[in-house]
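One structure is given below, encoded as structure tokens.
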Amino acid sequence: KITSLGSALNEKVTVLNLYPLFKKATSSSPDPTPGYIYDVLVEFSYKNKKNSELLGDYLNKRLQRHTVHGVLKTLKCIHQLVDKGSRNFRAYLRENDEHIKNAPNFGSQKNAYTGTALLEDIKK
């Protein structure tokens, strides 16, 4: 029991330590996401199935924002994880893809970016 409690606490500490990186990867600023963060996200997705689900859930929630830069950066993270991440992450996204399909609606920021290259990138 102590071993399982210790490993459960260790997992929570890992997630808490990585939260600032998750936030930076999907921030609303126009600055690009540093490349090393994608590697950290991919590595995190391979640790176990629960991590993949937590990451998928977090990224889905970040897609629901009304900032075009944030939505675009979140979609880029998802793209990297689909290409290089764990099979469990891809399976989670297949089951929970409604926010990805609606990303252009969330990212349009009340149509402030209609016809711009940013919104076109989101629609890709």
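For the numbers below, each heavy atom of this structure counts, side chains included, while hydrogens, waters and symmetry mates do not.
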### Message
For Pro34 versus Lys24, what's the shortest heavy-atom pair and its separation?
### Response
CG-CE, 4.0 Å

### Query
Quick check: does any side chain N or O of Ser45 sit under 3.5 Å from a backbone N or O of Phe89, one acting as donor and the other as acceptor?
no

### Where Ala25 and Thr33 come nearest, the two heavy atoms and their spacing
O-OG1, 3.0 Å

### Query
Counting distance only, does the side-chain N/O of Asn96 pair as donor-acceptor with the main-chain N or O of Asp57 below 3.5 Å?
no

### Task
To the nearest 0.5 Å, tell me how far Asp97 CG sits from Leu63 CG.
11.0 Å

### Task
Taking Lys73 for its side chain and Asp31 for its backbone only, find out whether a donor-acceptor pair lies under 3.5 Å.
yes

## Note on the structure
Scanning both residues in full, the closest heavy-atom pair of Leu41 with Leu55 reads O-CD2, 3.7 Å

### Task
Report yes if some heavy atom in the side chain of Asn60 is under 4.5 Å from a heavy atom in the side chain of Tyr92; otherwise report no.
yes

### Query
For Thr74 and Arg65, does a side-chain donor sit closer than 3.5 Å to a side-chain acceptor?
yes

### Task
Consider only side-chain N and O atoms of Thr26 and Arg62, and report whether a donor and an acceptor are under 3.5 Å apart.
yes

### Task
Could you tell me which non-hydrogen atom of Asn51 sits nearest to which non-hydrogen atom of Lys47, and how far apart they are?
ND2-CB, 3.2 Å

### Task
Would you check if the side chain of Ser86 reaches a backbone N or O of Tyr46 as a donor-acceptor pair within less than 3.5 Å?
no

#### Entry: Gap between atom CG of Asp83 and atom CD of Gln80 - 0.5 Å precision
6.5 Å

### Task
Just say parallel, tilted or perpendicular for the rings of Tyr19 and Tyr58, cut-offs at 30° and 60°.
perpendicular

### Summary
Rounded to the nearest 0.5 Å, the OG atom of Ser27 sits from the NE2 atom of His69 at a distance of 10.0 Å

#### Entry: Distance (rounded to the nearest 0.5 Å) between Asp39 CG and Phe44 CZ
15.0 Å

### Message
Once rounded to the nearest 0.5 Å, what's the spacing between atom NZ of Lys84 and atom CD of Glu43?
### Response
13.5 Å

